[in-house]
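Here's the structure we're looking at; comments come further down.
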Amino acid sequence: MSNSGTEIHGKGGAIYIGGTFSDKGTLPTGSVRIASKSEWTLNRSRDYVEKTSFGDTNKTYLAGLPDVSGSFNGFLDSSGDLMLQAATSEAQTMYLYASDGTLAGSGVVLVGHGPALIDAQITVSLTDAARCSGNFRASDAWVIDLGSA
């Protein structure tokens, strides 16, 4: 039930790419779990156009289309970082989980999925582990699953 105050810890979060979606309660068939990542964000901003008129008591706006984008961050997988490899001109189907159900006692909590164009960046520092981070943007319609029936 939506808005029932059910919180979860982010330790079961995951990013998957590829595969075929069937049901938000299961992992996509043929998808690959991205290793060594420790954080992702999902942004659902919108464009706004001001429509303030004479006599209005404050500025007013019209909402445009939603923009789905986000970021990921974590450690560089030196065996072949799939997010770095996915940073091509082709869109990749991406699935963002608050919990992928792989930890004992946890359920599957899919937040959203859809085709994404991915950018990646490698950072190597004398004082930190080698990292791979990046951004993504929707290349077509996304489904936001969290809270839907």
Looking at [X] and [Y], does any basic side-chain N land under 4.0 Å from a carboxylate oxygen?
| X | Y | result |
| --- | --- | --- |
| Asp56 | Lys59 | no |
| Arg46 | Asp67 | no |
| Lys37 | Asp81 | yes |

Between [atom1] on residue [X] and [atom2] on residue [Y], distance to nearest 0.5 Å:
| X | Y | atom1 | atom2 | result |
| --- | --- | --- | --- | --- |
| Ile15 | Gln92 | CD1 | CD | 13.0 Å |
| Asp100 | Ser106 | CG | OG | 7.0 Å |
| Met83 | Trp40 | CE | CH2 | 12.0 Å |
| Leu27 | Ser22 | CG | OG | 9.0 Å |
| Arg131 | Ser38 | CZ | OG | 6.0 Å |
| Gln85 | Cys132 | CD | SG | 10.0 Å |

Could you tell me which non-hydrogen atom of [X] sits nearest to which non-hydrogen atom of [Y], and how far apart they are?
| X | Y | answer |
| --- | --- | --- |
| Asn73 | Ser133 | OD1-CB, 3.7 Å |
| Tyr95 | Phe21 | OH-N, 3.5 Å |
| Gly70 | Asn43 | CA-ND2, 3.8 Å |

Inset, instruction - Using distance alone, with no hydrogens and no angle criterion, decide if Glu90 and Thr88 have a side-chain donor and acceptor under 3.5 Å apart. - result: no

Inset, instruction - Establish, from distance only, whether the side-chain atoms of Asp77 and Ser79 form a donor-acceptor pair under 3.5 Å. - result: yes

Inset, instruction - Examine distances only and state if a side-chain atom of Ser99 and a backbone atom of Val109 form a donor-acceptor pair shorter than 3.5 Å. - result: no

Legend entry - Check: Gly25 main-chain N/O paired with Asp23 side-chain donor or acceptor under 3.5 Å: yes

Inset, instruction - Assert yes or no for the condition that the ring centre distance of Phe136 to Trp142 is strictly below 6.0 Å. - result: yes

Legend entry - Same apolar cluster (I L V M F W Y, side chains within < 4.5 Å links), Ile17/Leu84: no

Legend entry - same_hphob_cluster(Leu42, Phe72) at 4.5 Å side-chain heavy-atom cutoff: yes

Legend entry - Neighbour count >12 (heavy atoms, 6.0 Å) for atom CG, Leu65: no

Legend entry - Residue that, paired with Ser139, satisfies side-chain contact (heavy atoms from CB on, under 4.5 Å) out of Thr93, Leu117, Ile118, Val68: Leu117

Legend entry - Val111 vs Asp145 side-chain heavy atoms within contact, under 4.5 Å: no

Inset, instruction - Output, in order, the C-alpha distance, side-chain angles, deciding distance and verdict of side chain to side chain donor-acceptor pair (under 3.5 Å) for Thr29 and Thr20. - result: CA-CA 5 Å; Thr29 306; Thr20 305; over 6 Å; no

